[in-house]
Trainee: 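Can you keep this structure in mind? I'll have questions shortly.
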Amino acid sequence: MKKRQLGKTDMYVNPIGLGCMGFSHAYGLPQDKQTAIETIRRAYKLGYNFFDTAECYTGQNADGTISYNEELVGEALKDVRDQVIIATKFGVEHQGKKLKLDSSVETIRKSIEGSLKKLQTSYIDLYYQHRIDPKVEPEVVAMVMKELIEEGKIKAWGISEANEEYLRRAHAICPVTAIQNRYSMMARWHENLFDVCQELKITYVAFSPLANGFLSGQFTPQSAFELGDYRSEMPQYQEEGYRKAKKLLNLLEELSKKKNCTRAQLSMAWMLCKKDFIIPIPGSRKLKRLEENFQAGNIEMTEAEIKEIESLLDTIDFDVFGGH
């Protein structure tokens, strides 16, 4: 499995990373702390070396205590810290299902110290602005990132849900290593950023590469999600959204049988084989699924197979979370 370079840095990661959000946020009650820590450690042993978390990935446990995702990741990986790449994010606070955005200099400075402490580390490999804050100019954020790099608190920085104008303005002040935007077969609206990523040598980290699990084929409108699992309200899991996307699931099932892989693996192989600067970061609490996802990095797809899928994608107007 050939590693992929993060931007222009000396950091290389396996082609599939691990999105750790679901251990404590958005997918029902947080997983038991020790179980989550052990699962992350097992993921490392499976071959994962790129772990993604965020300051705002928190959840309330059954006993009323708070599960901090960064703490889980930090505890799980502290003994192999120099063998892994850890990404975390600042600038978002969850207020119910709404986001409070704050990328002020004061907040960034406070956030970095909190993240370093929770992650039990002296540096963060990749530090993302979690969402663009319209109240703060990109040049201001980039200058703080430049200072944090000079101080040795971060190695590189990135922007999540970036657009081209903001990306270029920020990059001019302090080179951006990665963007982390939604991307899957059902969410292709950021493909217009591929050219700028290629031009500036910026990695595209794809979150929700399976459209919040939909492309695995494991869930339907009849699936019973846990209380607090955001997927229960997502449009792809409603009758109409599922009906529209069923043609894609059928094609994936057909192709995956030919490739001797799963639909989820094929979905990620599709993006890996499109561009060498794309790194998907699927998440799961289940070891079997983690192993399955990781093996997607070994699947090769031909241009003809990619074209066959995209010919169908171009005919479907998906109902999917995050769409527009």
Trainee: Looking only at non-hydrogen atoms, find the nearest pair between L18 and A43 and report the distance.
Mentor: CD2-CB, 3.8 Å

Trainee: L6 and Y12: same hydrophobic cluster, using ILVMFWY side-chain contacts below 4.5 Å?
Mentor: no

Trainee: How about W270 and Y183: are their ring centres within less than 6.0 Å of each other?
Mentor: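 Ring-ring flag for W270/Y183: true, centres closer than 6.0 Å.
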
Trainee: Compute whether any side-chain donor of one residue and acceptor of the other, for N298 and Q295, lie under 3.5 angstrom apart.
Mentor: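 Looking only at side-chain atoms, Q295 and N298 do form a donor-acceptor pair, the distance falling under 3.5 Å.
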
Trainee: If hydrophobic clusters are built by linking Ile, Leu, Val, Met, Phe, Trp and Tyr wherever their side-chain heavy atoms come under 4.5 Å apart, do L72 and I66 end up in the same one?
Mentor: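 No: no chain of side-chain contacts under 4.5 Å links L72 to I66.
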
Trainee: Is the Y57 to H130 ring centre distance short of 6.0 Å?
Mentor: yes

Trainee: Examine I40 and V84 and state if one hydrophobic cluster contains both, with Ile, Leu, Val, Met, Phe, Trp and Tyr joined whenever side-chain heavy atoms are less than 4.5 Å apart.
Mentor: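 Yes, one cluster joins them.
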
Trainee: Have K153 and Y127 got a donor and an acceptor in their side chains that come within less than 3.5 Å?
Mentor: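 The criterion, which ignores hydrogens and geometry beyond distance, is not satisfied for Y127 and K153.
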
Trainee: Holding to ring pair (Phe, Tyr, Trp, His ring centres under 6.0 Å), I want the full list of residues that pass it with F318, two or more places apart in sequence or in another chain.
Mentor: none

Trainee: Show your reasoning for whether salt bridge (Lys or Arg N to Asp or Glu O under 4.0 Å) applies to E113 and K118.
Mentor: CA-CA 9 Å; E113 297 305 327; K118 288 185 178 71; over 6 Å; no

Trainee: Which residue in the set R169, H171, M143 passes side chain to side chain contact (heavy atoms under 4.5 Å, CB included) when paired with P138?
Mentor: R169

Trainee: Determine, for R188 against D314, whether the closest basic-nitrogen to carboxylate-oxygen distance falls under 4.0 angstrom.
Mentor: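 Answer for the salt bridge query: yes.
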
Trainee: Less than 3.5 Å apart, any donor N or O on the side chain of R81 or T121 sitting next to an acceptor on the other?
Mentor: yes

Trainee: Do Q120 and E75 meet the criterion of a side-chain donor-acceptor pair at a distance under 3.5 Å?
Mentor: yes

Trainee: Over all heavy atoms of both residues, which pair between L116 and I124 is shortest? Give the atoms and the distance, please.
Mentor: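 In this case the closest contact between L116 and I124 is CD2-CG1, 3.9 Å.
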
Trainee: Would you call E291 and R42 a salt bridge, using N to O less than 4.0 angstrom?
Mentor: no

Trainee: Looking at every non-hydrogen atom in both residues, tell me the closest pair between L126 and A178 and how far apart they are.
Mentor: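 That closest heavy-atom pairing would be CD2-CB, 4.1 Å.
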
Trainee: Using only heavy-atom distances, determine whether the side chains of E70 and T88 contain a donor-acceptor pair under 3.5 Å.
Mentor: yes

Trainee: For C174, does its backbone N or O pair with a side-chain atom of W157 as donor and acceptor, under 3.5 Å?
Mentor: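 At least one qualifying donor-acceptor pair exists.
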
Trainee: Would you call E254-R263 a salt bridge at under 4.0 Å N-O?
Mentor: no

Trainee: Between K110 and E106, does at least one N-O distance fall below 4.0 Å, as a salt bridge requires?
Mentor: no

Trainee: Side chains of residues 272-283: which donor-acceptor pairs under 3.5 Å do they make with residues two or more places apart or in other chains?
Mentor:
{"unit_1": "K274", "atom_1": "NZ", "unit_2": "E310", "atom_2": "OE2", "d": "2.6"}

Trainee: Look at E253 together with K257 and state whether they make a salt bridge at an N to O cut-off of under 4.0 Å.
Mentor: yes

Trainee: Output every pair passing side-chain hydrogen bond (donor to acceptor under 3.5 Å, both in side chains) with a member in residues 204-216, not counting sequence neighbours, ordered by first then second residue.
Mentor: Y27-N212, R182-S208, R182-N212

Trainee: Using side-chain heavy atoms (C-beta onward) and a distance below 4.5 Å, is R4 in contact with N14?
Mentor: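 When only atoms from C-beta onward are counted, N14 and R4 do not touch, as no gap falls below 4.5 Å.
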
Trainee: In Å, rounded to the nearest 0.5 Å, how long is the span from NZ of K244 to CG of D319?
Mentor: 3.5 Å

Trainee: Any donor-acceptor pair under 3.5 Å linking the side-chain atoms of Y166 with those of Q129?
Mentor: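 Result is yes, a qualifying pair exists.
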
Trainee: Give the minimum heavy-atom separation between N181 and A162, together with the two atoms involved.
Mentor: OD1-N, 3.0 Å

Trainee: For K307, is there any backbone N or O sitting under 3.5 Å from a side-chain donor or acceptor partner on S311?
Mentor: yes

Trainee: Looking only at side-chain N and O atoms, does S24 offer a donor or acceptor that is under 3.5 Å from a partner on N69?
Mentor: yes

Trainee: Testing the basics here: between Y128 and D52, what is the closest heavy-atom pair and its distance to 0.1 Å?
Mentor: CE1-OD1, 3.7 Å

Trainee: Verify, without hydrogens or angle tests, whether D102 (side chain) and G91 (backbone) share a donor-acceptor contact under 3.5 angstrom.
Mentor: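 A pair under 3.5 Å: no.
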
Trainee: Between R109 and E147, is a salt bridge (Lys or Arg N to Asp or Glu O under 4.0 Å) present by the stated rule, with each step listed?
Mentor: CA-CA 10 Å; R109 284 288 177 179; E147 293 169 0; 3.1 Å; yes

Trainee: Looking only at heavy atoms, what is the nearest atom pair of A264 and L210, with distance?
Mentor: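 A264 and L210 have their closest heavy atoms at O-CD2, 3.6 Å.
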
Trainee: Between Q236 and A211 (side chain of the first, backbone of the second, donor and acceptor by atom type, cut-off under 3.5 Å), is there such a pair?
Mentor: yes

Trainee: Quick check against the 3.5 Å criterion: does T203 have a side-chain atom that pairs as donor or acceptor with the backbone of G7?
Mentor: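 Checking the backbone N and O of G7 against the side chain of T203, a donor-acceptor pair under 3.5 Å is found.
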
Trainee: For the residue pair R131 and S160, confirm or rule out a side-chain donor-acceptor distance under 3.5 Å.
Mentor: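 Their side chains do contain a donor-acceptor pair, which is all the 3.5 Å distance test asks for.
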
Trainee: Counting only heavy atoms not in N260 (residues, nucleotides, ligands), do more than 12 fall under 6.0 Å from its CG?
Mentor: no

Trainee: Say whether V73 and I154 are linked into one hydrophobic cluster, either directly or through other cluster members, by side-chain heavy-atom distances under 4.5 angstrom.
Mentor: yes

Trainee: Check whether any side-chain N or O of H94 sits under 3.5 Å from a backbone N or O of L99 as a donor-acceptor pair, and report yes or no.
Mentor: no

